[in-house]
Trainee: 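I'd like to ask some things about the structure below.
Computed from heavy atoms alone, side chains included, the values below leave out hydrogens, waters and symmetry copies. In what follows, every chain begins at residue 1, and chains take the letters A, B, ... in the order their sequences are listed.
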Protein chains: 2
Amino acid sequence: MSRPPLAKEKIIDAYVSMLCEEGERAATMEATAARAGVSKGGLLYHFASKELLAQGAIDGLLRTHEEDLQHMGSAPEGPASYFVRTSTVIGGELDRYFLAVLRLAQGGHEPSVKALEDVQEGWLNLIQLEVKDKYAAEAIMLIGEGLYYQTSMPGSWSTGTFGKDLDHLLKQVERLKNGN
Amino acid sequence: MSRPPLAKEKIIDAYVSMLCEEGERAATMEATAARAGVSKGGLLYHFASKELLAQGAIDGLLRTHEEDLQHMGSAPEGPASYFVRTSTVIGGELDRYFLAVLRLAQGGHEPSVKALEDVQEGWLNLIQLEVKDKYAAEAIMLIGEGLYYQTSMPGSWSTGTFGKDLDHLLKQVERLKNGN
DNA sequence: GTCTATAAGTCGATAGAC
DNA sequence: GTCTATCGACTTATAGAC
């Protein structure tokens, strides 16, 4: 896990951080290089184009997403509650990659849109294993996505209206889980 | 309502359309001028900076949002269902302004983030008049925002997974509205 | 009011020294 | 591997003709 040259990881980390904290427009190759502590030419040795840099962020998302599905599938509270609960907690490795790729997707980057669709499908499949009512499962998915919509607002890292009411929100999820 | 010079409206309309259809990055002043049928210099006579152009889009959002609150408050189905239902219907004047300002906000534009917070607060207040349970109202808001999260994906204009299941989704909203 | 021309700066990417 | 230097394209904004 720590074999590849250190510089590559530092660059991806800097790129993802800039996407999360300052948006896609600010995440230029020059700014990324400066934050990673290398020169622009040094960055381009490891990532020959901006497209390859974006692909690096997508790879990180898919890798951490697979790990997350393991945790979600074996969570004592069940996949649905696990999903909604972790939708509000920003700061983990998966969240950082997710938000970074979300920013790329919202900027029109097609491979990022595709990656997010795959991630979303993985979540929905697990939730539907627990919540048999298809439309209740979809409503729960939308609540989680609504929370991501909020955290995707620049400057509002985990300061959303709903973060502090998480326990009450999970009760609403319980009501959706238990059919009429 | 139709007093101000026609060119200004054409320019705002072109700017909003480009934000919606091709994203923030493509909505340059040059491209906006071309789409509005004026030259770059002609555009800058009406909007002296890109910031003022963005403010024009925000003004359009706040104006149409006030009109929407009237409809939402007097909707026979109630504000909550009206809100979720109209979250999936893209194409109206408000939706265009909302999506345009959302793109600006996601690009890090602070005045747009502030405007969206105000719009969101207006919606939540109306929903809470109907749905007394505060947390049920918040869950309904999140479902609507989850739908907006999907429509905010470039290239997926109203082709989301949930658009065709709207009737079933509204039944889930009904369950949240009627307390336990 | 609307245009052309251009200034001034930034972006991604290349070339070549060390 | 990492750097400096620089190119060509693009973006916002200004100046001034009509």
Trainee: Ignoring backbone atoms, establish whether A/Tyr45 has a side-chain N or O less than 4.0 Å from OP1 or OP2 of D/dT2.
Mentor: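 No, A/Tyr45 has no side-chain N/O under 4.0 Å of OP1/OP2 on D/dT2.
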Trainee: Could you check how far CG of B/Leu43 sits from C1' of D/dT12, rounded to whole Å?
Mentor: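 My rounded result for the distance is 11 Å.
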Trainee: With nearest nucleotide decided by heavy atoms, which residue, A/Arg25 or A/Gly42, maps closer to the 5′ end of DNA chain D?
Mentor: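 With A/Arg25 and A/Gly42 compared, the 5'-side residue is A/Gly42.
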Trainee: Which ones in residues 32-40 of chain A lie close to DNA chain C, meaning a heavy atom under 4.0 Å from one of its atoms?
Mentor: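 Under 4.0 Å from DNA chain C: A/Lys40.
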Trainee: If you find the nucleotide of DNA chain C closest to A/Gly41 and the one closest to B/Gly41, which residue's nucleotide is nearer the 5' end?
Mentor: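 First, find each residue's nearest nucleotide; the 5'-ward one identifies B/Gly41.
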Trainee: Output the rounded distance in Å from CD (B/Glu51) to P (D/dT11).
Mentor: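 Between P of D/dT11 and CD of B/Glu51: 19 Å.
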Trainee: Taking the side chain of B/Lys50 as its heavy atoms from C-beta onward, which of C/dC11, C/dT2, D/dT12 lies nearest to it?
Mentor: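 Of all the options, the side chain of B/Lys50 is nearest to D/dT12.
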Trainee: Among the candidates D/dT12, C/dC11, D/dA13, find the nucleotide nearest to the side-chain atoms of B/Glu30.
Mentor: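 Shortest atom-to-atom distance from the side chain points to D/dT12.
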Trainee: In terms of the nearest nucleotide of DNA chain C, which residue is placed more toward the 5' end: A/Ala48 or A/Thr28?
Mentor: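 Its nearest nucleotide lies further toward 5', so the answer is A/Thr28.
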Trainee: Provide, to the nearest angstrom, the distance between the CG atom belonging to A/Leu44 and the P atom belonging to C/dA15.
Mentor: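 My rounded result for the distance is 12 Å.
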Trainee: Quick check: does any side chain N or O of A/Ser81 sit under 3.5 Å from a backbone N or O of A/Gly78, one acting as donor and the other as acceptor?
Mentor: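 Between the backbone of A/Gly78 and the side chain of A/Ser81 there is no qualifying donor-acceptor contact (under 3.5 Å).
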Trainee: Do the rings of A/Trp123 and A/Phe98 sit parallel, tilted or perpendicular, given the 30° and 60° boundaries?
Mentor: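 Tilted.
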Trainee: Provide, to the nearest angstrom, the distance between the NZ atom belonging to B/Lys8 and the P atom belonging to C/dT2.
Mentor: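 From B/Lys8 NZ to C/dT2 P: 11 Å.
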Trainee: Give the rounded distance in Å between these two atoms: CD1 of A/Ile11 and C1' of D/dG1.
Mentor: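 In whole Å, D/dG1 C1' and A/Ile11 CD1 are 11 Å from each other.
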Trainee: Membership question, hydrophobic clusters at under 4.5 Å side-chain separation (ILVMFWY): are B/Met29 and B/Val16 in the same one?
Mentor: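 B/Val16 clusters together with B/Met29.
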Trainee: Looking at A/Tyr135, does the NZ or CZ of B/Lys171 lie under 6.0 angstrom from its six-membered ring centre and within 45 degrees of the ring axis?
Mentor: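 Judged by the rule, B/Lys171 and A/Tyr135 form no cation-pi pair.
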Trainee: Picking from D/dT2, D/dA13, C/dT2, which would you name as closest to the side chain of A/Ala7?
Mentor: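 Comparing D/dT2, D/dA13, C/dT2 against the side chain of A/Ala7, the answer is D/dT2.
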Trainee: Test of understanding: with salt bridge (Lys or Arg N to Asp or Glu O under 4.0 Å), list the residues that count as partners of B/Lys50, not counting sequence neighbours.
Mentor: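 Counting only residues at least two positions away or on another chain, B/Lys50 forms no salt bridge (Lys or Arg N to Asp or Glu O under 4.0 Å).
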Trainee: Measure CG/A/Leu53 against P/C/dG12 and give the value in whole Å, please.
Mentor: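 Going from CG in A/Leu53 over to P in C/dG12 covers 10 Å.
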Trainee: So do B/Glu138 and B/Val131 actually touch side chain to side chain, heavy atoms under 4.5 Å?
Mentor: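 They are not in contact (no side-chain heavy atoms under 4.5 Å apart), so the answer is no.
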Trainee: Among C/dG12, D/dG1, D/dT12, find the nucleotide with the atom closest to the side chain of A/Met29.
Mentor: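 Comparing C/dG12, D/dG1, D/dT12 against the side chain of A/Met29, the answer is C/dG12.
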Trainee: If every non-hydrogen atom of A/Ala139 is compared with every non-hydrogen atom of B/Ile143, which pair is closest and at what distance?
Mentor: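 In this case the closest contact between A/Ala139 and B/Ile143 is O-CG1, 3.9 Å.
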